[in-house]
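Accompanying notes for the structure given below.
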Amino acid sequence: MDASIKHRNSDQTFTFVTPPADAPIEVLNEFYWSKEGEPHALRRKLILAKYPEMKKLMGYEPKTKWYVLFVVLLQLSVAIYLRNTPVFSWKFFILAYVIGATANQAIFLAIHELSHNLLFKKPLHNKLFAIFTNVPIGIPYSASFQPYHQLHHKFQGDEYLDTDLPTRFEAVIMSNLLGKVFFATCQIFFYALRPMFITQIKFTYIHLLNVFHQLAFDYIWVNLFGWKSFGYFIMSSFLAGSLHPCAGHFIAEHYVLNENNRPRGEGIPVPPETYSYYGSLNLLTWNVGYHNEHHDFPFIAWTKLPEVRRIAADFYDPLPEVTSWCGVIWTFIFNDVNTLWSRVKRKGKEKHGHKIDNLDKNQDD
């Protein structure tokens with residue numbers, strides 16, 4: 001689909017035409033490479049200079065832990081209820097999709113909030129609560145998520161350190177209809193496994209505690225309530241990162257889609273690389289849709305992100321936004337111009353080992 005758009009960059013206005021599906025292979029099959037730094041640090045500096053009151057919004061949100069506790073208990077309750085229900089039955093699947101996937105997506109994103117130390121004052125307390133929050137996921141996840149996610153924020157777009165980015169191998173293999181269907185259906189596996197093939201992080205006592213606690217919980221749970229009950233956790237986690245409305249945020253946040261796509265090449269401005277969504281599904285996902293706001297101010301809790309947008313409306317209103325997570329999944333799969341190549345990348349420098357070490361040292365600041 002051809003579509004003309006206007007992209008405003010500083011004081012200039014550029015007009016582009018979305019490249020058609022039959023455009024030359026060197027245009028479509030390449031990432032958007034940027035020589036500029038990630039945009040959020042600069043915008044944060046500009047916003048703070050104009051609206052210093054934004055600093056008052058920074059800090060943890062103590063009431064979040066009670067909401068998280070409710071979601072965890074909900075998942076445990078449904079798992080107990082399904083302990084005698086066949087896994088491959090409509091009742092099991094519908095409950096796992098409607099309740100389980102929605103709840104586990106909220107749990108994934110609660111761990112995301114905890115990775116920014118936004119539930120408790122002390123970083124260690126956030127790490128320990130994340131390990132507890134992890135239990136309905138079924139596999140240890142929280143300890144490894146935090147350092148990888150910190151790298152995503154500090155080095156957004158870095159080809160080595162931002163493991164949110166698809167690899168060239170993924171883009172080559174899955175930038176067709178069937179590949180995109182597979183990718184969208186199995187997103188959870190790519191986000192879980194990709195980091196291990198790109199960047200290694202130190203294994204700490206927090207990782208060990210996460211693994212031990214999760215395995216101990218799983219063992220006790222299976223002995224008390226059986227494998228069907230445990231299967232509810234696993235199916236919920238898979239569906240949470242699959243063709244589920246709330247899973248649309250995985251693609252919506254940083255993929256350059258539809259009319260924002262443009263030909264790649266020297267001298268052509270790089271498109272926006274972060275997109276916000278302000279719809280009702282934010283009520284189920286800790287306002288993760290406010291993604292530009294979150295990347296600009298990662299130390300402001302989810303409850304205050306709408307206020308960030310309100311205060312700095314002159315910065316956020318002009319930015320392109322996503323209006324539907326369900327629509328994102330659909331257009332990502334069926335619009336030929338949308339592929340796994342549609343991401344902004346930056347050239348990495350060597351192995352970045354010193355940066356990872358510094359990041360580890362800052363985790364408990």
Within the 4.5 Å heavy-atom criterion, are [X] and [Y] side-chain neighbours or not?
{"X": "T133", "Y": "S142", "value": "no"}
{"X": "K180", "Y": "L340", "value": "yes"}
{"X": "I111", "Y": "Y141", "value": "yes"}
{"X": "E38", "Y": "R346", "value": "yes"}
{"X": "L284", "Y": "Q105", "value": "no"}
{"X": "F31", "Y": "P166", "value": "yes"}
{"X": "F297", "Y": "M54", "value": "yes"}
{"X": "W286", "Y": "Y67", "value": "yes"}

Once side-chain contact (heavy atoms from CB on, under 4.5 Å) is applied, do any residues pair with D218, and if so which ones, sequence neighbours excluded?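 Counting only residues at least two positions away or on another chain, D218 forms a side-chain contact (heavy atoms from CB on, under 4.5 Å) with Q214, F230.
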Would you verify whether the NZ or CZ of R194 falls within 45 degrees of the ring axis of F197 while also being under 6.0 Å from that six-membered ring's centre?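 Because its charged atom misses either the 6.0 Å distance or the 45° angle limit, R194 does not stack over F197.
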Are R43 and F315 in a cation-pi setup, meaning NZ or CZ lies under 6.0 angstrom from the ring centre and within 45 degrees of the ring axis?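 The answer is no; the distance or angle limit is not met.
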Residue pair F155, T199: steps toward the side chain to side chain contact (heavy atoms under 4.5 Å, CB included) verdict: CA-CA 12 Å; F155 307 108; T199 299; over 6 Å; no
Determine whether [X] and [Y] fall in the same hydrophobic cluster, where Ile, Leu, Val, Met, Phe, Trp and Tyr are linked whenever their side-chain heavy atoms lie under 4.5 Å apart.
{"X": "L76", "Y": "I139", "value": "yes"}
{"X": "V211", "Y": "M196", "value": "no"}
{"X": "V328", "Y": "L281", "value": "yes"}
{"X": "V68", "Y": "L283", "value": "no"}
{"X": "L243", "Y": "L257", "value": "yes"}

Using the ring of each side chain (for Trp, its six-membered ring), is [X] parallel, tilted or perpendicular to [Y], with breaks at 30° and 60°?
{"X": "F183", "Y": "F190", "answer": "tilted"}
{"X": "H149", "Y": "H152", "answer": "tilted"}
{"X": "F217", "Y": "F233", "answer": "tilted"}
{"X": "F334", "Y": "W330", "answer": "tilted"}

On a heavy-atom basis, which atom in [X] and which in [Y] lie closest, and how many Å separate them?
{"X": "F92", "Y": "P86", "answer": "CB-O, 3.3 Å"}
{"X": "F203", "Y": "L208", "answer": "CZ-N, 3.7 Å"}
{"X": "A79", "Y": "W221", "answer": "CB-CZ2, 3.8 Å"}
{"X": "T339", "Y": "S175", "answer": "CB-OG, 3.4 Å"}
{"X": "A247", "Y": "A240", "answer": "CB-O, 3.3 Å"}
{"X": "P318", "Y": "A313", "answer": "CD-O, 3.9 Å"}

When rounded to the nearest 0.5 angstrom, what is the spacing between [atom1] in [X] and [atom2] in [Y]?
{"X": "F120", "Y": "L128", "atom1": "CZ", "atom2": "CG", "answer": "9.0 Å"}
{"X": "L124", "Y": "I206", "atom1": "CG", "atom2": "CD1", "answer": "5.5 Å"}
{"X": "L161", "Y": "I201", "atom1": "CG", "atom2": "CD1", "answer": "11.5 Å"}
{"X": "S89", "Y": "L82", "atom1": "OG", "atom2": "CG", "answer": "7.5 Å"}
{"X": "E307", "Y": "K56", "atom1": "CD", "atom2": "NZ", "answer": "11.5 Å"}

Donor-acceptor under 3.5 Å ([X] side chain, [Y] main chain):
{"X": "K45", "Y": "L42", "value": "no"}
{"X": "N210", "Y": "A143", "value": "yes"}
{"X": "N282", "Y": "G279", "value": "yes"}
{"X": "S237", "Y": "I137", "value": "yes"}
{"X": "D162", "Y": "E159", "value": "no"}
{"X": "N338", "Y": "T331", "value": "yes"}
{"X": "N117", "Y": "Y60", "value": "no"}

Stepwise ring-ring contact (aromatic ring centres under 6.0 Å, His included) test for F250 and Y255: CA-CA 9 Å; F250 288 123; Y255 276 83; over 10 Å; no
Please step through side-chain hydrogen bond (donor to acceptor under 3.5 Å, both in side chains) for the pair D296 and Y316, ending with a clear verdict. CA-CA 11 Å; D296 290 350; Y316 294 114; 2.7 Å; yes
With a 6.0 Å cut-off on ring centres, are H291 and H254 close enough?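 Aromatic pair counts; centres sit under 6.0 Å.
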Whether R343 and D164 form a salt bridge (side-chain N of Lys/Arg under 4.0 Å from carboxylate O of Asp/Glu) is what I want to check.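 Looking at R343 together with D164, the answer is yes, because their closest N to O distance falls below 4.0 Å.
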For R168, is there an ion pair with E30 - N to carboxylate O distance below 4.0 angstrom?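 Judged by the 4.0 Å cut-off on N to carboxylate O distance, E30 and R168 do form a salt bridge.
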Quickly, which of F145, F132, F129 forms a side-chain contact (heavy atoms from CB on, under 4.5 Å) with L114? Name it, please.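 One option only clears the test, and that one is F129.
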Stepwise side-chain hydrogen bond (donor to acceptor under 3.5 Å, both in side chains) test for T204 and H207: CA-CA 5 Å; T204 68; H207 292 84; 2.9 Å; yes
Take Y51 and D314, measure what side chain to side chain contact (heavy atoms under 4.5 Å, CB included) needs, and give me the verdict at the end. CA-CA 11 Å; Y51 302 109; D314 52 326; 3.0 Å; yes
Neighbour count >12 (heavy atoms, 6.0 Å) for atom OH, Y219: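 Not buried by this count: 12 neighbours or fewer within 6.0 Å.
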Counting only heavy atoms not in F182 (residues, nucleotides, ligands), do more than 12 fall under 6.0 Å from its CZ?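 Open.
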Tell me, with the steps shown, if H244 and T102 meet side-chain hydrogen bond (donor to acceptor under 3.5 Å, both in side chains). CA-CA 8 Å; H244 186 278; T102 306; 3.2 Å; yes
Start with the C-alpha gap between F93 and L239, add the side-chain angles, then the distance that decides, and say whether side chain to side chain contact (heavy atoms under 4.5 Å, CB included) holds. CA-CA 10 Å; F93 176 81; L239 293 174; 4.1 Å; yes
As a test of understanding, state which of H294, H295, E293 forms a side chain to side chain donor-acceptor pair (under 3.5 Å) with S276.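 The side chain to side chain donor-acceptor pair (under 3.5 Å) with S276 is passed solely by E293 among H294, H295, E293.
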We want to know whether T274 and Q156 form a side-chain donor-acceptor pair, criterion being a heavy-atom distance below 3.5 angstrom.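 On atom types as modelled, these side chains qualify, holding a pair under 3.5 Å.
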Show your working on side chain to side chain contact (heavy atoms under 4.5 Å, CB included) between V135 and H213 and close with a plain yes or no. CA-CA 8 Å; V135 294; H213 181 269; 3.4 Å; yes
One pair to check against side-chain hydrogen bond (donor to acceptor under 3.5 Å, both in side chains): Q75 and Y232. What are the steps and the verdict? CA-CA 9 Å; Q75 280 294 78; Y232 170 76; 2.6 Å; yes
